[in-house]
Structures are given as C-alpha cells and as structure tokens.
Number of protein chains: 2
Amino acid sequence: MGKITMKDVAKHAGVSVATVSNVINNISNKTTEATKQKVLSSVKELNYKMDMTARSLSIGKSNLIGIFIPEVYENSAPSSLLKTNPFYSEIISGIEYEARMLGYDILISCIHSIDHALELVNKRMLDGLAILGTYDTRFWEDLKLVSVPIVLIDNYNYEAVGVNNVGIDDELGAYLATKHLTTLGHKHIAFATSEVGISEVNEKRFIGFKRAIKEAKLDQIACPVIIEAVSFKGGITIGHRLLKDHMEVTAVFAIADIMALGIIKIMHQFGRKIPEDLSIIGFDDLSICEYTFPALTTIRQDIYKKGVEVARLLIKKIDGELGLKSQELPVELIVRETTKSILR
Amino acid sequence: MGKITMKDVAKHAGVSVATVSNVINNISNKTTEATKQKVLSSVKELNYKMDMTARSLSIGKSNLIGIFIPEVYENSAPSSLLKTNPFYSEIISGIEYEARMLGYDILISCIHSIDHALELVNKRMLDGLAILGTYDTRFWEDLKLVSVPIVLIDNYNYEAVGVNNVGIDDELGAYLATKHLTTLGHKHIAFATSEVGISEVNEKRFIGFKRAIKEAKLDQIACPVIIEAVSFKGGITIGHRLLKDHMEVTAVFAIADIMALGIIKIMHQFGRKIPEDLSIIGFDDLSICEYTFPALTTIRQDIYKKGVEVARLLIKKIDGELGLKSQELPVELIVRETTKSILR
DNA sequence: TGTTTTCTCTGACATGATTAATTATAACTT
DNA sequence: AAGTTATAATTAATCATGTCAGAGAAAACA
C-alpha cells in the first residue's frame, strides 16, 4: 500500500484534484457544500494526510520555523548552549508550543556563522527565524543578508539590522536587584558580569546597577565590577576572586542566575554562610533556582512566555503584518532566601 | 532577484540541469572533470543552495529527523518536559550535534498521541524518529503503525514493537548506588521512585536496589519504597514524607537526580544536615548536579553521549543497515558530597 | 426559447530536483 | 574512413500539491 495522495482522494470522491485542493485549503465560494462533504469524508476514510513537502514546493512556504542557537566550544570540543544553559530549553519550549498552536513546526540547529544560517534558510525554505544567544558583530551585520523574518531575544541592536526583538527592561531589572540590596543596608555590593561592552544587555544592566548605587549614595569604588564568563564556571571563578580580593563585599548582584549558583557553590565550600555572610541576587529566575538551597533571590522574567511572544511576533511577521513593535516583557523582583538585611 | 535554482546554475555553466544534479550529488562516472569544475564554479559564483524541499519530494526522503517529547499537563496547562527536565535538553543536544554531522536536520515537537506522531511523519516526510520519555501502553502498541525507523531511549519494550533503543544498565546502576550506601554502613535505606510498574526502567532499578539490600543482609522492611512523581515536586513530597513517617531512614536512593534535589531542599528547610543526618544518592548526573550544594553523589550516565548514539543508530537504520543492536551505555558511580559513612 | 450571468469544477502548467531512457560525442578498431 | 564501443550530456517523465484560465452547467432574465 503506497502513499495516499490527493489523487487518491479525488478518485475516491469522484472529483478532480483541484477540487480536493480547494476543499482542503478551505477556499470559499469554490465548492458546494455537497461536494465539500464528499471530499471531506473521503479524506477521513482514506486517512489522507497532506504532504507539506509538495505543498511547500508549490507555494514557496514551508510552515517551518528555524530556531538557531550559537555553537560554542568547550574544552575545544563543539558544544551547544542548549546542553549547558537551561535558559535555552525554557525559551525553546515556549516557542515550540505557540508555533505548534499556530500551525508551524520547529527546526532546531546550532549554527556558527551567517553562511550556515543562510544555507539552512534556503535548503529548508524556512519561513522565519528565532535567533537565540550572542554572536560577534560581523554576524549581526550580515543578518541583513537573510531574507526571511527574524525575531531576536534580548538584543538591542535589532533596529539597526531591521529585525524585531523580544526582551525585557534590563536596566529596570538590574536597578530593582541592586535597589533591593541597598535597601537591605548593603554598602559594598559587587557586580558580577561578563565583559560589559560585549552586549547591550550587559550594558543596560550595568547602567541599572550604577543608578541604584548612586541613588543610595554608595561609594562606587567600594562596589567592584568583577568580570568572568556568564556560566557556572564563571561564577566559580568569581567566587574565588571575591574571597581573595574582596572580603569587604557583603552582597553580590550576579548578571545571571547560572553565575550566582557558581558563586554560592564556592561560598558554601569555604564555609561562608548565605545569606548571613553574603547576600546574593541573580537574574532570570531559571526554574532550577527553586531547586537550590538556599533558594535564589532573583529578578524574574517569564522565559517561557518570552518564547511564546517570540513565536507570535515571528508568525505575525511571516503573515505579512506590518508595523509590528518589538516586545518588552515585565521583570519582577523575587525575594527568596539568598538575600538578607545587614542592618542591626 | 529571485531564487537561484539548478536551472540558473545549468544556464550559467552551459549544461543541462541533469548534469548539474549529477555533479552536486557526486555521482561518479557521469561527468568529466572539466564540466564538473565548470558546474562547481558556477555553483559558487551564483551562491546556489539546493532546495531540500524539492529534493525531498523527488526522492521521497527529507533528511529530517523528528524528536518527539511527551506533552504533559502541569496545573491543567499544557507544558513540555523540555521546559522542566534538563535531561531532555542534554539528550537533544547530543542528537542534534551528531545528526547535523551526518547531514540531517532536526524537527522537534511535543506530541500527545500516536496520531499526532503519524501526522507529523507523513506531513513532513520525516526519515526517522527519536522518541523521548514515557507514554501509555496504547502508545507503544500503536507505534507499529509508524513506518519509519525509530529509536527510543531507556525503553525495555522496544523489541516487542520492533524498534531500537539506547539505554543503560539500569539494574547495575541502581545496584551500584545502593551498594555504595550499604558499604557506608547504612541500614535503613529508602528508595524514592515513581510507580515501579509504570516503566521497565523503574522495575530494573528496583531490582538492582533489592539485590544490593539483600546482599548486605538488610531487613527489607526497614527499607521503605516511597512513591511520588519523578520531578522536583515529587522530591519535595518525598522529603516531607520522610520527615513524617521515616525518621529511622539514614540514606535515600532517589531514582532521578531531579527528585533527589527536591528531597535535599526539604531537608535543608527543616534543618537536617546533608550528608551528616541523611545521605542521598541520585541517578543521571544532570549537569545541574554540580551546581547544587552539597554536590550530589549520583550514578552517572553520559546523557549527551546517549543522544549522539541515538542519532547514529537512527541514521544507520535510515540508511538501511540491518541487524543493528540496541545500545547499552555504561554507568558509573560518582561520589560527591551528599553521601557519608554512618560508621563510627 | 434564447441569451446572459453566475457558479462549480476541471485541465494544464508550475514548483525544483532526480533519474531512466535517449541521443550526442569521443575513442578505438580494422 | 567506416563501424563499433564506451562515455558524456540531454530530454522528458516524475514526485504531490497549488493556481488560474476557461469549460460546462445551472440559474436568471428578456
């Protein structure tokens, strides 16, 4: 038994393939109710499933969305951020769900260059792209070469390259986090981050951090900025550096939860109690934050929701809707157990 | 400027599309070196990328692999295990990498039924499937209806449905875990699991647990089996139940890391020290295990590697290789900080 | 009844690549 | 130089679907 095609359905229903096509695609004013029912019952009886491959070829649209993740190198072996960073699985989960609801499927690939991205877009006739993570400047510039709608996540350069973005108010988030620490009476607050200039997100969060510091009239010199990679390992290193060079620090604002977890780990290891000896606040509210002890105080952004919005925005763009605004989702301070007042 | 097709390349190189096709597909003994070079340089010059959609339609093969994840319901809202369980992102990461290396792309979808799976296979002409997670018996029975190669993960019923599997020696793993605890002198060891009968994996691990208990001549009655969902929440509940009903227990073997983390959380909350008051060992070695404090002692399985093996096995099947054996990957005891000798 | 209008439905072509069958070219033989 | 092979390149059909001009039928009007 071979594959059931429209031809089979047409024969079974006693009509032409064109009619079957019209019925299935629900083209109005093309078929009478009677023939429509005939076709639909044949479809059901033969258990016909449309071949999207042929459809894609015919109409030049695949109903496939590409999710691209940077390919990174870990110990000189290629690795995916999907493996190591829970942020990605959460957001992909949101994109997948919403896209599916809107009739799109998801193709996931790690990519290392724009050429690689272009190749996939052409080869698979992708209708749109969600690009996660950070790349070098070259990459963002060359993004113009991609001819399909694109939505980015947490990228502030999106306007320059003519794409849309789903992000959050990073400055506000960082401000809220730091404000929380200053309100608790901390005077020596460290900012754990990766190279500030490398991404606008870091820049914005740094600005928010500085604003809160200034507002609390704290000495900027007493509030060191410590730079390492945004990863658990980066956090580990920062933990060591804090113990070695910054014993005066009583609170840390880590630019990402995953980093905060690394810092906590080291503090535990060297017997410094959290939050008694050191308050720590993270950023993101990964679902694993709840799993740790003490539970991480953090700035919550709804990552899953972010994914949902990415899919919505992207599919609207694909459908040709114009004048779409980039989205900015709310942030919220979640006080859990890693921060404590220093007063009294 | 429209799309560059083989026709364009053919015209540019002054040959027919068939010749271009032959060159691109590297069909030997069909073209002279001279024309081959002409074609290849035209391909480069025009920056031609093959349209896989058309190719798929033509040869009836998409070079697309489907990764299916169960759609679960959390608080009556649909959710994906991808969101909540890091195990899935790690394995997907491995599948994606190896598949890409072997020339396949990855389509990811949460599915809720065999019909849904079948629809995707037909619609997208998927060449093969990697099915993750657990489903009900109906699902596995109906798997026969799917006509493309399938590889499962950690499924012991695979032979019955004629598919292959990549798994581990669950019994050995559980035995090693429990043995570790008995060796440390524990006499009251709890087994935290989900319904044992629900999956062969649980069954096997239970057998391994019992073997170690018997070998150490412990009283089975003193070693309670506590059943909750395999999730962080399930671990939380088990933690409460341990405190309420099983204060004699000095060690817990949790069937999954994620569950162990929940238990640890509750112990911390109620001031029971780990490992001093209670030893805990998990299973899986999720990468987040390292992030927690104390770092979780566990049974390591290389989840990423598992994904790689899934892709290899699946693609071999797709390529028609016969007599493929299901894979069993090694397990290993990783002693970290959550287990401690009770002796002395 | 004859003509026009409206409404269904069909047939032929298009989409981009593969491939079997066929023709053109080159390379030997004698 | 003609005939025979071997090799290279082309033509045309095929895959499953969509599109659209136009055929045919039914309905409306005169």
Side-chain angles (χ1 to χ4, degrees), chain A residues 1-40 42-43 46-64 103 119 121-127, chain B residues 1-40 42-43 46-64 103 119 121-127:
Chain A
M1 183 203 83
K3 192 179 176 178
I4 307 291
T5 73
M6 271 196 180
K7 225 189 238 169
D8 302 311
V9 176
K11 196 181 292 171
H12 188 272
V15 296
S16 73
V17 284
T19 303
V20 176
S21 173
N22 284 331
V23 169
I24 286 180
N25 293 19
N26 224 347
I27 313 261
S28 55
N29 297 330
K30 281 271 180 181
T31 40
T32 54
E33 190 60 25
T35 48
K36 187 174 170 182
Q37 289 310 323
K38 254 196 311 188
V39 170
L40 288 179
S42 291
V43 164
L46 299 178
N47 193 26
Y48 165 76
K49 305 276 188 234
M50 176 149 65
D51 184 331
M52 287 298 282
T53 311
R55 177 171 222 265
S56 301
L57 178 61
S58 186
I59 66 175
K61 177 172 189 302
S62 63
N63 274 49
L64 248 189
E119 186 176 327
V121 169
N122 284 324
K123 259 179 42 178
R124 295 290 176 187
M125 214 187 272
L126 302 178
D127 292 337
Chain B
M1 182 203 81
K3 193 181 172 178
I4 306 291
T5 73
M6 268 195 179
K7 226 189 237 169
D8 302 312
V9 176
K11 196 180 294 170
H12 187 272
V15 296
S16 71
V17 284
T19 303
V20 176
S21 174
N22 284 331
V23 169
I24 287 181
N25 293 31
N26 223 345
I27 312 260
S28 54
N29 298 329
K30 280 270 180 182
T31 40
T32 50
E33 190 58 27
T35 49
K36 187 173 169 182
Q37 289 311 323
K38 255 197 308 189
V39 170
L40 288 179
S42 291
V43 164
L46 299 178
N47 195 24
Y48 165 76
K49 306 278 188 231
M50 174 147 69
D51 185 331
M52 286 299 280
T53 312
R55 176 170 220 264
S56 301
L57 178 62
S58 186
I59 67 176
K61 177 172 189 300
S62 63
N63 273 50
L64 247 190
E119 186 177 326
V121 170
N122 284 324
K123 260 178 44 178
R124 296 288 177 189
M125 212 186 271
L126 301 178
D127 292 338

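Below, chains carry the letters A, B, ... as their sequence lines are ordered, and counting in each starts from 1.
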- request: Check the distance between C/dA17's P and A/Lys123's NZ and give it to me in whole angstrom.
  value: 13 Å
message: Would you say that more than 12 heavy atoms from the other residues, nucleotides or ligands in this model lie under 6.0 Å from the NZ of B/Lys123, or not?
response: yes
query: When the distance from CG of A/Asp51 to P of C/dT15 is rounded to whole Å, what number comes out?
result: 19 Å
message: Applying side-chain contact (heavy atoms from CB on, under 4.5 Å), can you list everything that pairs with B/Ala18, at least two apart in sequence or on another chain?
response: B/Ser16
message: Between the opening five pairs and the closing five pairs of the helix from C/dT1-D/dA30 to C/dT30-D/dA1, how far apart are the helix axes, to 10°?
response: 60°
- prompt: Listed by chain and number, what are the side-chain hydrogen bond (donor to acceptor under 3.5 Å, both in side chains) partners of A/Gln37, not counting sequence neighbours?
  reply: A/Glu33
- request: Just jot down the side-chain hydrogen bond (donor to acceptor under 3.5 Å, both in side chains) partners of B/Asn25, sequence neighbours excluded, or say none.
  value: none
- prompt: Whole-Å distance between C/dA17 P and B/Ile4 CD1?
  reply: 11 Å
message: Using whole Å, what does the distance between atom P of nucleotide C/dA17 and atom NZ of B/Lys7 come to?
response: 10 Å
query: Of all residues at least two apart in sequence or in a different chain, which pass the side-chain contact (heavy atoms from CB on, under 4.5 Å) check with B/Ser58?
result: none
task: Kindly write out the residues that satisfy salt bridge (Lys or Arg N to Asp or Glu O under 4.0 Å) with A/Lys61, not counting sequence neighbours, or none if the list is empty.
output: A/Asp127
message: With heavy atoms of chain A within less than 4.0 Å as the criterion, where does contact along DNA chain D begin and end?
response: D/dA16 to D/dT19
field: Length of the CD1-P vector between B/Ile24 and C/dT18, whole Å
entry: 7 Å
query: Contact class for A/Met50 (heavy atom, under 4.0 Å): base, sugar-phosphate, or nothing?
result: sugar-phosphate
query: In whole angstroms, how far is the C1' atom of C/dA17 from the CE atom of B/Met52?
result: 11 Å
task: Return the set of residues passing side-chain hydrogen bond (donor to acceptor under 3.5 Å, both in side chains) with A/Ser56 (not counting sequence neighbours), or none when no residue passes.
output: none
- request: Would you indicate what A/Thr5 reaches in the nucleic acid, counting non-hydrogen atoms under 4.0 angstrom: base, sugar-phosphate, or nothing?
  value: sugar-phosphate
- prompt: In whole angstrom, what separates A/Met125's CE from C/dT15's P?
  reply: 12 Å
message: Under the rule for side-chain contact (heavy atoms from CB on, under 4.5 Å), what residues qualify as partners of A/Asp8, not counting sequence neighbours?
response: A/Ile4, A/Thr5, A/Leu46
For nucleotides 8-14 of chain C, which of its nitrogen or oxygen atoms have a protein nitrogen or oxygen under 3.5 Å away, and what is each distance?
residue : atom : partner : partner atom : Å
C/dC9   : OP1  : A/Thr32 : OG1          : 3.4
C/dC9   : OP1  : A/Thr35 : OG1          : 3.3
C/dC9   : OP2  : A/Thr32 : N            : 3.1
C/dC9   : OP2  : A/Thr35 : OG1          : 3.0
C/dT10  : OP2  : A/Ser16 : N            : 2.8
C/dT10  : OP2  : A/Ser16 : OG           : 2.9
C/dT10  : OP2  : A/Thr19 : OG1          : 2.6

message: Taking side-chain hydrogen bond (donor to acceptor under 3.5 Å, both in side chains) as the definition, give me every residue that meets it alongside A/Lys30, ordered by chain and number, with sequence neighbours left out.
response: none
message: Going by side-chain contact (heavy atoms from CB on, under 4.5 Å), name the residues that satisfy it together with A/Val121, two or more places apart in sequence or in a different chain.
response: A/Leu126, A/Leu129, A/Val146, A/Val148
- request: Can you see which heavy atom on B/Asn26 is nearest to which on B/Lys36, and at what distance?
  value: OD1-NZ, 3.7 Å
field: Spacing between B/Asp8 atom CG and C/dT15 atom C1', to the nearest angstrom
entry: 13 Å
- request: Pick base, sugar-phosphate or nothing for B/Ile59, based on heavy-atom distances below 4.0 Å to the nucleic acid.
  value: sugar-phosphate
